[in-house]
There are 2 protein chains.
Amino acid sequence: MTTDAFLADCRARLAFDLLSNTWNAVVLWALRDGPRRPVELRERIGGISSKVLTETLRRLQFNGLVDRQADPDAPSRIEYQLTALGKTLLAPIDAVGAWAFEYGDEVMAAQEAACTPDPQSPRPIC
Amino acid sequence: MTTDAFLADCRARLAFDLLSNTWNAVVLWALRDGPRRPVELRERIGGISSKVLTETLRRLQFNGLVDRQADPDAPSRIEYQLTALGKTLLAPIDAVGAWAFEYGDEVMAAQEAACTPDPQSPRPIC
DNA sequence: CCGCATCCCTTACGATACTG
DNA sequence: CAGTATCGTAAGGGATGCGG
């Protein structure tokens with residue numbers, strides 16, 4: 001792959017920007033099984049306000065990852081679903097999620113260790 | 001994998017938090033080939049200020065992904081390198097980067113399309 | 001060169017309340 | 001239920017300058 005060039009302002013930054021916020025990846029993931037209504041998404045996800053969910057969906061829509069559709073019979077019934085492009089992002093997201101499951105404990109352990117620091121090391125963040 | 005549970009406040013969020021800022025992934029990537037001094041990192045990366053780089057490295061250090069070492073001979077010569085844990089994150093990062101190389105064009109195309117909108121669709125972000 | 005201290009700005013995010 | 005409008009806070013990030 002030798003994606004070394006993605007430093008500076010290479011194209012790969014684009015994907016990191018897509019994942020550089022709290023909710024994009026989570027919402028994409030919540031849509032993995034098929035179309036979902038906003039209220040369903042909020043239930044599945046938990047802890048996301050209506051406003052932020054809408055913002056996130058607009059952002060994903062803007063980037064071509066998500067599609068918005070109103071039920072022809074009941075136009076107030078809205079559904080969102082992944083586009084073909086959006087589905088292709090599930091694999092990388094899954095890779096990140098799988099990593100977390102495997103190494104999440106180590107990260108938390110490191111955080112705790114950093115909070116009871118060896119006094120002579122350059123001070124940690126905490 | 002069925003990481004469906006990572007919605008709500010599951011552990012998988014941990015990894016997304018790690019990648020939920022502009023520079024963490026980029027700096028990790030810049031360290032992939034071995035130890036680097038801050039000045040080297042800034043050259044490789046481009047567009048990152050000294051202050052922000054330091055903050056980022058502290059953050060990564062705090063999460064156990066990066067290690068800071070001073071040259072015993074010249075203590076003002078500092079080097080950072082990936083920890084074993086940090087190296088394991090390279091694979092998921094690579095997955096994201098590879099995705100960007102493959103689909104980045106489509107994202108940019110979608111962005112442009114959203115900026116010259118079909119007037120009757122729910123307004124895009126722009 | 002390292003990295004800390006300031007200052008300032010922008011934006012994400014959250015809570016709440018309100019309209020169709 | 002879907003979405004918007006406000007308001008407020010917190011944090012990321014950029015620019016600059018200083019001290020070790």
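Chain naming here is simple, since letters A, B, ... match the order of the sequence lines and numbering starts at 1 in each.
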- Note on the structure: Separation of D/dG13 atom C1' from B/L53 atom CG, nearest Å, is 13 Å
- Bracket notation of DNA chain C in which parentheses pair within the strand, [ ] cross earlier pairs, and | pairs with another strand (Watson-Crick or G-U, under 3.5 Å): |.||||||||||||||||||
- Message: Without decimals, in angstroms, what is the distance between A/N24 CG and C/dT11 C1'?
- Response: 14 Å
Please tabulate, for side-chain N and O atoms in residues 81-90 of chain A, each donor-acceptor pair with protein atoms closer than 3.5 Å (sequence neighbours left out).
from  : atom 1 : to    : atom 2 : distance (Å)
A/Q81 : NE2    : A/Q69 : OE1    : 3.2
A/T83 : OG1    : A/G64 : O      : 2.6
A/T83 : OG1    : A/L65 : O      : 3.3
A/T83 : OG1    : A/L85 : N      : 3.4
A/T83 : OG1    : A/G86 : N      : 2.9
A/T88 : OG1    : A/L85 : O      : 2.5
A/T88 : OG1    : B/W99 : NE1    : 2.8

- May I have the distance from B/E79 (atom CD) to C/dC1 (atom C1'), rounded to whole angstrom? 13 Å
- Task: Please state how far atom CZ in A/F16 lies from atom P in D/dG12, giving the value in whole angstrom units.
- Result: 19 Å
- Query: When the distance from CD1 of B/I45 to C1' of D/dG14 is rounded to whole Å, what number comes out?
  - Reply: 15 Å
- Query: Do A/D67 and A/Q61 meet the criterion of a side-chain donor-acceptor pair at a distance under 3.5 Å?
  - Reply: no
- Item | With A/D105 via salt bridge (Lys or Arg N to Asp or Glu O under 4.0 Å) - residues at least two apart | B/R11
- Listed by chain and number, what are the side-chain contact (heavy atoms from CB on, under 4.5 Å) partners of B/R77, not counting sequence neighbours? B/R37, B/D71, B/A74
- Item | B/K51: partners by salt bridge (Lys or Arg N to Asp or Glu O under 4.0 Å), with sequence neighbours left out | B/E55
- Item | d(CZ, B/R36; C1', C/dC2) in whole Å | 18 Å
- What is the distance, rounded to the nearest whole Å, between atom CG of B/L18 and atom C1' of D/dG12? 16 Å
- Message: Is the phosphate of D/dC1 approached by A/R37 (side-chain N or O, under 4.0 Å from OP1 or OP2)?
- Response: no
- Message: Taking any heavy-atom pair under 4.0 Å as a contact, classify B/R77: base, sugar-phosphate, or nothing.
- Response: nothing
- Task: Using whole Å, report how far CG of A/L57 lies from C1' of D/dT4.
- Result: 15 Å
- Over all heavy atoms of both residues, which pair between A/P35 and A/E79 is shortest? Give the atoms and the distance, please. CB-OE1, 3.5 Å
- side chain to side chain contact (heavy atoms under 4.5 Å, CB included) test vs A/Y80 passes for just one of A/V66, A/V27, A/L53, A/L60, namely A/V66
- Message: Looking at every non-hydrogen atom in both residues, tell me the closest pair between B/R42 and B/S50 and how far apart they are.
- Response: NH1-CB, 3.5 Å
- Message: Side-chain N or O of B/R42 versus OP1/OP2 of C/dC1: is the shortest distance under 4.0 Å?
- Response: no
- Message: At under 4.0 Å between heavy atoms, how does the protein contact nucleotides 12-20 of chain C? Give one character per nucleotide, 5' to 3', with B, S or -.
- Response: -BBB-----
- Query: Hey, does B/I93 have a side-chain heavy atom less than 4.5 Å from the side chain of A/F16?
  - Reply: yes
